[in-house]
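Everything below concerns the one structure shown next.
Chain letters run A, B, ... following the sequence lines, proteins first, then strands; residues in each count from 1.
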Amino acid sequence: QKEVEQNSGPLSVPEGAIASLNCTYSDRGSQSFFWYRQYSGKSPELIMFIYSNGDKEDGRFTAQLNKASQYVSLLIRDSQPSDSATYLCAPTDSWGKLQFGAGTQVVVTP
Amino acid sequence: GAVVSQHPSRVICKSGTSVKIECRSLDFQATTMFWYRQFPKKSLMLMATSNEGSKATYEQGVEKDKFLINHASLTLSTLTVTSAHPEDSSFYICSARAGQYTGELFFGEGSRLTVL
């Protein structure tokens with residue numbers, strides 16, 4: 001059973017602070033790791049992806065990957081109220097299929 | 001970015017009827033399309049993978065006779081929920097990818113199905 005674990009939250013973050021989201025996965029064959037944002041009642045939106053160990057930055061977002069620890073994280077800097085959403089971690093399996101975690105709800109408070 | 005259009009966005013039907021949901025890739029050819037179902041406050045659960053011109057591959061526990069998937073062209077896949085029941089009420093989301101195993105995945109807007 002392939003599993004993707006995320007803290008469900010809600011993670012309350014003051015506006016302007018850093019939100020730190022964690023994700024662990026069980027499939028050692030996962031090669032690519034995606035982070036999606038999902039607003040209530042909407043479909044997921046891609047934030048970024050990472051496939052090499054280390055950090056990858058894209059604007060206010062930084063993804064971190066450690067394949068040895070089977071751990072991937074997402075940092076959101078300078079959090080804004082519009083960042084309030086559920087963030088889904090999704091590693092791919094060897095067939096390229098996304099395996100979604102249940103998501104972490106982030107609430108950015110003004 | 002690429003656009004995937006899903007229709008209808010909301011549908012309400014009576015128990016026992018069938019509902020068809022369409023998923024179209026508007027500006028690229030989608031070799032592979034995925035269908036997901038999401039219950040409130042739950043994760044997206046992959047139902048099936050469809051490659052153009054071939055039969056869909058269903059995930060364990062998904063009834064292929066109940067959830068009919070057709071991927072007849074590189075821009076269109078359909079999901080038909082046959083003999084729908086209230087427990088089928090959910091948010092159905094399609095996604096499409098140009099490559100069979102790699103490439104960015106683009107999501108449709110989702111379809112909210114309510115079965116009375």
Side-chain angles (χ1 to χ4, degrees), chain A residues 1-11 21-27 29-52 56 58-59 63 84-107, chain B residues 1-10 21 23-24 30-51 54 56-62 79 89-114:
Chain A
Q1 180 77 15
K2 299 170 185 174
E3 294 183 353
V4 181
E5 301 287 340
Q6 292 183 258
N7 188 323
S8 62
L11 176 65
L21 310 173
N22 302 319
C23 173
T24 58
Y25 59 95
S26 63
D27 186 0
S30 295
Q31 295 297 318
S32 301
F33 304 83
F34 293 78
W35 281 100
Y36 286 86
R37 175 175 61 197
Q38 186 177 27
Y39 293 110
S40 180
K42 302 294 184 182
S43 64
E45 305 171 301
L46 179 66
I47 296 174
M48 63 187 302
F49 63 89
I50 185 169
Y51 52 82
S52 297
K56 179 181 179 182
D58 185 355
S84 297
T86 296
Y87 290 79
L88 306 172
C89 169
T92 56
D93 65 12
S94 54
W95 295 99
K97 292 189 294 186
L98 292 176
Q99 309 288 328
F100 282 93
T104 297
Q105 184 186 3
V106 172
V107 178
Chain B
V3 178
V4 174
S5 176
Q6 197 171 333
H7 177 80
S9 58
R10 291 179 182 275
I21 301 170
C23 179
R24 292 181 184 274
T31 303
T32 305
M33 286 188 172
F34 301 90
W35 287 95
Y36 295 86
R37 179 170 53 183
Q38 187 177 34
F39 293 107
K41 298 191 182 300
K42 299 294 184 182
S43 183
L44 279 74
M45 298 300 299
L46 181 64
M47 298 175 68
T49 303
S50 72
N51 291 301
S54 59
T57 302
Y58 290 81
E59 296 298 306
Q60 191 173 8
V62 178
L79 166 68
S89 299
S90 187
F91 192 45
Y92 292 87
I93 309 172
C94 74
S95 63
R97 184 169 67 198
Q100 187 170 3
Y101 300 114
T102 60
E104 186 175 347
L105 201 62
F106 299 97
F107 282 85
E109 305 96 327
S111 299
R112 175 79 57 193
L113 171 63
T114 302

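Proximity to chain B is limited to the side chain of A:Q38, based on heavy atoms less than 4.5 angstrom apart. Contacts between B:I93 and chain A at a heavy-atom distance below 4.5 Å involve the side chain alone, from C-beta outward. Interface remark: A:Y36 contributes side-chain atoms only to the contact with chain B (heavy atom separation under 4.5 Å). Neither the backbone nor the side chain of B:Q60 comes within contact range of chain A; no heavy atom of the residue lies under 4.5 Å from a heavy atom of that chain.
By the 6.0 Å contact criterion, NZ on A:K42 is open, its count of non-hydrogen atoms from other residues, nucleotides or ligands being 12 or less. Within a 6.0 Å radius of OH in B:Y58, other residues, nucleotides and ligands contribute more than 12 heavy atoms. Heavy atoms of other residues, nucleotides or ligands lying less than 6.0 angstrom from CE of B:M45 number 12 at most.
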**Study point:** Trace of the side chain to side chain contact (heavy atoms under 4.5 Å, CB included) decision for B:T57 with A:K97
**Key:** CA-CA 12 Å; B:T57 302; A:K97 292 189 294 186; 5.6 Å; no
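For chain B, the option among A:P44, A:G103, A:A102, A:G101 with the highest count of heavy-atom pairs below 4.5 Å is A:P44. Contact count against chain B (heavy-atom pairs under 4.5 Å) is highest for A:G41 among A:S8, A:G41, A:S32.
A donor-acceptor pair is defined here as one N or O able to donate and one able to accept, closer than 3.5 Å; no such pair exists between the side chain of A:S43 and the backbone of B:G110.
Looking at heavy atoms from C-beta onward, A:L98 lies in side-chain contact with B:Y36 at the 4.5 angstrom threshold.
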